[in-house]
Amino acid sequence: MTAAASVITRFAPSPTGHLHVGGVRTALFCWAYARRHGGRFILRIEDTDQKRSSEDAARGILEDLAWLGIHWDEGPIWAPRHAAAAGVHPHSVADSGPTTIGGDPRSVGPFFQAQRLDIYNRHLDALIERDLAYPAFDTAEELDALRREAATRKETFRYRRRPGYDRDAALRRLRAGEPCVVRFRMPDEPVRVTDAVLGEIDFTEEHLDDFVLRKADGFPTYHFAVVVDDELMGVTHVLRGQEHLNNTPRHVALQRALGFRTPVYAHMPLIFNADGSKMSKRDKDKAVRRAMPAAADTQASVMAATSLSPSDLATWLADKTRQLPTDALLSIARALDLSLPEIDVEDFRRSGYLPEVLCNYLSLLGWNPGMKHADGTDLDRFDMTFLAEHFSLDRIGKSNAKFDRDKLLAFNQAAVAALPPAEFDRRWREWCERYDPALPALLGDRFALAARAVQPRIRTLGQCREPIAFALWPDDGVTFDEKAVEKTLRKGDPTGLAVLRDFLPTLESLADFAPEAIDAAATAFCESRSLGMGKLAQPLRVAVTGSTVSPGLGETLGLIGREGAVRRIRRCLETL
RNA sequence: GGCCCCGUCGUCUAGCCAGGUCCAGGACACCAGGUUUUCAUCCUGGUAACACGGGUUCGAAUCCCGUCGGGGUCACCA
């Protein structure tokens, strides 16, 4: 590990929405690479698109990263106290990490590009001065015309400064404040990009154009801001998605013009949906649109669940490019009994995935540690500490990956099951506070027992209500599954009903109604009568839950409580 | 369409750079058995891939060429 301290990476999202899984993986790798080499990891907000950027989105991204445990050394300051002020629960920040994330110890900030306009302009002026950049006054219509013209000749349009360009006149117009963009004079020579993942890639000059450095609104373009900031912030390694590969020669040429260093580039394979389509925030809208019934009255009932007006819904239904707020989407999905596809970090969090599992799974998309267990199986379950110790550029793959929800689910289930019970209890409570605040109140002091019953039976925290749903019903609200009743209560010799009647006094007189005591009593009862456990357990299940499926007998009865259990069994005996 | 990248089981991948130990290993999914009071676990076993065609070589998943296929990108978005 030579020159260890010299590594500086950054994650630079644009704040146009929640962080999505592709972004998470990029952030994760940047973070891990910096950690691995004892370097620094910067978070920078690329908010140069005034129309699409929002402070809310920026805050959401910080929140997402903090929850994932991807902590930045430099960048916007994030602290639990600030979180509380923003209406976010302080527990949402991982316990293990520092309480405050970010800051500007080297004074290379600010970390919002919109606050760095002076810096960009300074470098831009220097380029204009040397005629390496120049103002251009073309209108959108003129550019369109040029593009169309190129298209009819079956050529790719590429903007280059015309031979007769009058620089002095252009500079006069610029100083006069005439609206214009400033373009880079792309040198007429090929550019070779060296990539740590893909190797050496040559781009010939005829495909490189005089791209825009500063937009008419005075903001820098992504290309310009990224090159300036990476240099000023000392970024040594740029890890990003392969969609940026074709931008790289532009950045390299710009760096040369500005006398900047070229960082090490590592372009990562892309992540797609299981069906090969692009993972998009619109997938959620798409899913709801597809499930939306045609009938007007059903639509109306669905809409009642949201604050939408009929016209809002109509325009959204008609225009496939429109997106509904997540809240609305969620309520409609609930009304339709539909689960939305998870795309953003927030979606996975709401579904109840563990942050460390999401990180583990995502880091396996396009990378792997290349290590085996003693039994020869591949090492593929690991935590953030492991990632930080073993992540390396040379094990990043080249081919795109499809996101496999089943595998994520399997990882999550295993991780949930492996949690110490007290830890599971804590995590579930935390999740409930944010997404199901009514549940802890409903469960009251039964929460711990519910946690115990639920932990080995769920894949995500969002599924926790399911295995213990019976415990939330009123005692006279059990609906009996007819098939179960027939099979476990009416048939057999003795019948289930007879066994129940026989067992009821035992239950009523139990000194201790803890799961262990219940199970012990049930076992003793069966042994004394030479009955198989199923002869008692199944009738009991049906009597108190209505079905043959439930957690362990002791847990099930314990959750309902002695009084409730007796009441439910009596009711069963009386009505059937 | 131009340019660029990629191509091992259904999916994620190991193996490729330094050709033989690979009739290709693991994980998820799937199928079949088993354990268990139901469910969920857990255990055992199984199906399943080197895109295709040439070449180099004693020998190619591994090196070279071509074909086909997939993806990215061609903005005053990032």
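Chain letters run A, B, ... following the sequence lines, proteins first and then strands; every chain starts at 1. These numbers were taken from a predicted model, which means no experiment stands behind them.
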What's the CG-C1' distance between Asp406(A) and rA29(B), to the nearest Å? 6 Å
Pairs involving residues 17-29 of chain A, ordered by first then second residue, that meet side-chain hydrogen bond (donor to acceptor under 3.5 Å, both in side chains) (sequence neighbours left out): His18(A)-Asp64(A)
Quick one: is rC12(B) close enough that its OP1 or OP2 comes under 4.0 Å of any side-chain N or O from Arg381(A)? no
If I take atom CD in residue Glu243(A) and atom P in nucleotide rC77(B), what distance separates them, rounded to the nearest angstrom? 17 Å
Is Arg250(A) close enough and on-axis enough to Phe211(A), meaning under 6.0 Å and within 45°, for cation-pi? yes
Both distances below 3.5 Å, Watson-Crick or wobble geometry, any strand: find the nucleotide opposite rC17(B). none
Nearest whole angstrom, please: distance from the C1' of rA78(B) to the NE2 of His267(A). 13 Å
Look at Ser547(A) and rU38(B) and indicate whether a side-chain polar atom (N or O) is within less than 4.0 Å of OP1 or OP2. no
Using purine N1 to pyrimidine N3 plus N6-O4 or O6-N4 for Watson-Crick, or N1-O2 and O6-N3 for G-U wobble, both under 3.5 Å, which nucleotide pairs with rC77(B)? none
Rounding to the closest angstrom, what is the interatomic distance between rG45(B) and rC52(B) at atom C1'? 34 Å
Regarding His244(A) and His267(A), is there a side-chain donor-to-acceptor distance under 3.5 Å anywhere? no
Pairwise P distance for rC64(B) and rG20(B), with rounding to whole Å: 15 Å
Considering only the C1' atoms, how many Å lie between rU62(B) and rA51(B), rounded to the nearest integer? 16 Å
Taking only side-chain nitrogens and oxygens of Arg147(A), does any of them come within less than 4.0 Å of OP1 or OP2 of rA75(B)? yes
Mate of rA32(B) across any strand shown (Watson-Crick or G-U wobble, both atom pairs under 3.5 Å) is rU44(B)
Arg541(A) (side chain) and rU37(B) (base): donor-acceptor pair under 3.5 Å: yes
Is a donor-acceptor contact shorter than 3.5 angstrom present between the side chain of Asn400(A) and the base of rG70(B)? no
Pair Phe29(A) and Phe391(A), ring centroids less than 6.0 Å apart: yes
Taking the P atom of each, how far is rG70(B) from rC23(B), in whole Å? 32 Å
Can you check the distance between rC12(B) and rU35(B), where both ends of the measurement are the C1' atom (answer in whole Å)? 30 Å
State which of rA78(B), rC4(B), rG2(B) makes the closest approach to the side chain of Arg52(A). rA78(B)
Between Trp473(A) and Phe470(A), how do the two ring planes meet: parallel, tilted or perpendicular, split at 30° and 60°? perpendicular
I want to check one thing: is the phosphate of rC76(B), taken as OP1 and OP2, less than 4.0 Å away from some side-chain N or O of Arg183(A)? yes
Base, sugar-phosphate, or nothing: which does Val181(A) touch, judged by heavy atoms less than 4.0 Å apart? base
Do the side chain of Asp404(A) and the base of rA29(B) come within less than 3.5 angstrom through a donor-acceptor pair of N or O atoms? no
Using the C1' atom on both, measure rC63(B) against rG19(B) and round to a whole Å. 8 Å
